[in-house]
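Atoms considered below: every heavy atom in the structure, side chains included; atoms not considered: hydrogens, waters and symmetry mates.
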Number of protein chains: 2
Amino acid sequence: MITIEAPRLRAASDVPGGRRKQRVSMADVARLAGVSSQTVSRVANGAAGVVETTREQVLAAMSELGYRPNSAARSLRYGRFNTIGVILFGLASIGNSRTVEAIATHAAAEGYAITLIPVGAATQDNVMGAFTRMGELAVDGVILIIEVHLLDASAVAIPPGVHVVVVDSDAGDRYPVVDTDQADGARQAVRHLLELGHRTVRHVAGPVESYAAERRAGAWRHVLEEAGRPVHTPERGDWSADSGYHAGLRLAADPACTAIFAANDQMALGVLRALHERGRRVPADVSVVGFDDIADAGSYLPPLTTVHQDFAEVGRRCVHALLRQIHDEPADAGTDLVATRLVIRGSTAPPG
Amino acid sequence: MITIEAPRLRAASDVPGGRRKQRVSMADVARLAGVSSQTVSRVANGAAGVVETTREQVLAAMSELGYRPNSAARSLRYGRFNTIGVILFGLASIGNSRTVEAIATHAAAEGYAITLIPVGAATQDNVMGAFTRMGELAVDGVILIIEVHLLDASAVAIPPGVHVVVVDSDAGDRYPVVDTDQADGARQAVRHLLELGHRTVRHVAGPVESYAAERRAGAWRHVLEEAGRPVHTPERGDWSADSGYHAGLRLAADPACTAIFAANDQMALGVLRALHERGRRVPADVSVVGFDDIADAGSYLPPLTTVHQDFAEVGRRCVHALLRQIHDEPADAGTDLVATRLVIRGSTAPPG
DNA sequence: GTACGTCATGTTTACGTAAACATGACTGCC
DNA sequence: GGCAGTCATGTTTACGTAAACATGACGTAC
């Protein structure tokens, strides 16, 4: 039933004479089957016009020799790679990995593979290197999951002729952008807290260099101003639970603080811990809302009210927008926003 | 400073006459610079034997035309792709995404790109499809982050001549395997609890089809038996916090239960929630240990004692083992285990 | 019975690159 | 002054595939 073979550790060097025969090509199959290599090509691509007996001979020869098409030659011939590049800082962020997973899945469904191009820390050199490499990369298009303004800051151009879609950025004037509707999600979170009766809402923001963080913070501020409520300076975190913990300790020190909107679930987790350590009960004394709705959020103590983000949908739309470009279809410039929704669990309640 | 250009939405169809010139090739550069394409090749590859004035002309022509090497042609010529394939079920698991990230980083450092090949659900069709595609894939080798026995169950062969490294599996007899030392990690966790004075330790195991889960459970059982302690049937989870919660509810119902070892941190989180809801204090009434040491574990209530896993090191060793194969160096069959270490935080204490 | 169409299959060529070999100019040495 | 050697550069070829075109056998219609 299974035919896994021992790994061939010495590659394809078993041709006598030391000359390295790459591996089985169409010509080899053709020789064995007694046909021309063009006929092999026709069989391989399921083209019409091959008589059944011939086809079977070719297939037999293929499996005897273990023929596998050479995709480099194919790509060269067709001028396409059937591959999408994904440039990102890292998979550490849960949003990133889920978006990438969705991209990979939808790309595969369309016959595209995806190539990951991580750019380590956001130093100029790294980003530059990634793009230099990308120039030579075997991709038909690129999805940028990266703060694009960091690219702008380095003297790096996206090579002309490379199709691009950007996630999570304000580059909508230059590239098609797909993004979660950050502002609307934040509005829902803040309004929910105000509707519960809280006088105002404190914010634990993400890092300044993140557009997502800035838009969440902007919407938070806007809702408060619109409602005529006091706006405190937001606490700054770096998305990590630990940074949320430290922000939470500062907020716990203020007895007037009854409602906190954290820019992501992990910082909210840190806030919950800080409040717990300081003896502030959630939600009786303080309400907390997160953002992302990661899988664990429902198991926090208490289960976290948060804004659900549809990463899979973002990935799906990225792939399709990019494929439209690759297939020369009319471009949809501007920003495509994916809706969010507030998931109410146990971390929010009217003020005590 | 920055020269990002408008996306070219109509590809390279600006050659008059409707014929589609792919894009700038060495021949085009050669024509403009008034040299042969071989000289362009020499400049592109930094080969010696090009006089300075010529080199500058070529470089000027390159940048004027926006030349970028065609990697399909390069791969065809060299017979290598400089690409590593990673086959996995998904990035949802935190371990997977961190391993993949490390793989991508180390591969990039060696001049290799990585291609992601997700196989969705573990159905036979999916796995088969991934391998069929992989046969045509432009990769020099493959890292399998997948339960290999699931492959065995489908009638699928890893194509001969494809270099393979496997993560997290018992395939050490057939392929080089890199893995975390699951058993030792689990031993440390259980011994820690016994040393604190607990009479025995209950286990919340991962799914049966996971070798990692089986090895953690096996080591847990072994330590208990060695110490002559009672061994209860483990609760089964599916790695999710939610499954840990349900397992935790069952364990909370048993007043004799004072120590729990969960097979990962997320299930431990669920256990913590269940214990909290049932009024069992952690660690005063019940001690809990997890596995993985994910970034959030230090922010749980209470901060989780857990087994630290070095995903980055696993990724690093995978890449290097695979590159050794690709470069025809002596194979290191068998299993390469990465050490773990217990991180003691606030969720464990002597029994009340 | 011949002429033409149909269809399976073979032959030529191009995709872009770079190794291997070829050429030709100049240098330096006797 | 002529000849060998050096070095920059050009020409040929192969990598594996598949489109475009070519061939030739057979069948059918008049």
- Message: Can a donor-acceptor pair be found, under 3.5 Å and without considering hydrogens, that links the side chain of N70(B) to the backbone of A72(B)?
- Response: yes
- Item | Short side-chain donor-acceptor distance under 3.5 Å, R316(A) and H320(A) | yes
- Query: Could you give all pairs that pass the salt bridge (charged side-chain N to carboxylate O under 4.0 Å, His left out) test and reach residues 31-46 of chain A, with sequence neighbours left out?
  - Reply: D28(A)-R31(A)
- Would you kindly give the CZ-to-P distance between R74(A) and dT17(D), to the nearest whole Å? 8 Å
- Task: Output yes when a side-chain donor or acceptor of N82(A) lies under 3.5 Å from a complementary backbone atom of Y112(A), and no otherwise.
- Result: no
- Query: Within the pair Y78(A) and dC15(C), is there a side-chain N or O less than 4.0 Å away from OP1 or OP2?
  - Reply: no
- Query: For the pair made of OH in Y67(A) and C1' in dA18(D), what is the distance, rounded to whole Å?
  - Reply: 10 Å
- Figure out the CG/C1' separation between D28(B) and dT17(C), and round it to whole Å. 13 Å
- Query: Rounding to a whole Å, what distance do you find between R68(B):CZ and dG16(C):C1'?
  - Reply: 14 Å
- Query: Taking protein heavy atoms under 4.0 Å as touching, what does nucleotides 9-14 of chain C look like 5' to 3' if B marks base contact, S marks sugar-phosphate-only contact and - marks none?
  - Reply: BBB--B
- Look at the side chain of T83(B) and the backbone N and O of I114(B), then say whether any donor-acceptor pair between them is shorter than 3.5 Å. no
Can you give me the N/O atom pairs linking the protein to nucleotides 26-28 of chain D at distances under 3.5 Å, or say none if there are none?
none

- Note on the structure: L76(B) atom CG is separated from dA19(C) atom P, nearest whole Å, by 13 Å
- Message: Angle between the end axes of the helix from dG1(C)-dC30(D) to dC30(C)-dG1(D), five pairs per end, to the nearest 10 degrees?
- Response: 60°
- Item | From L88(A) atom CG to L116(A) atom CG, the distance as rounded to the nearest 0.5 Å | 5.5 Å
Scan the side chains in residues 48-66 of chain A for donor-acceptor partners under 3.5 Å anywhere in the protein, sequence neighbours excluded, and list what turns up.
unit_1: S63(A); atom_1: OG; unit_2: A60(A); atom_2: O; d: 3.3

- Query: Pick one: which of V139(A), I84(A), V142(A), I326(A) meets side chain to side chain contact (heavy atoms under 4.5 Å, CB included) with H163(A)?
  - Reply: I326(A)
- Note on the structure: Residue set satisfying salt bridge (Lys or Arg N to Asp or Glu O under 4.0 Å) with R317(A), at least two apart, ordered chain then number -> E313(A), D336(A)
- Task: Please determine if a side-chain N or O atom of N70(A) lies less than 4.0 Å away from the OP1 or OP2 oxygen of dC15(D).
- Result: no
- Query: Within the distance-only criterion (no hydrogens, no angle test), does the side chain of Q325(B) pair as donor or acceptor with the backbone N or O of V164(B) below 3.5 angstrom?
  - Reply: yes
- Could you state the atom-to-atom distance from CD of E56(A) to P of dA8(C) in whole Å? 15 Å
- How many angstroms lie between atom CG of N96(B) and atom CD of E101(A), to the nearest 0.5 angstrom? 9.0 Å
- Rounded interatomic separation in angstrom, taking CZ from F81(A) and C1' from dG16(D): 15 Å
- From CZ of R80(A) across to C1' of dA19(D) the rounded distance in Å is 14 Å
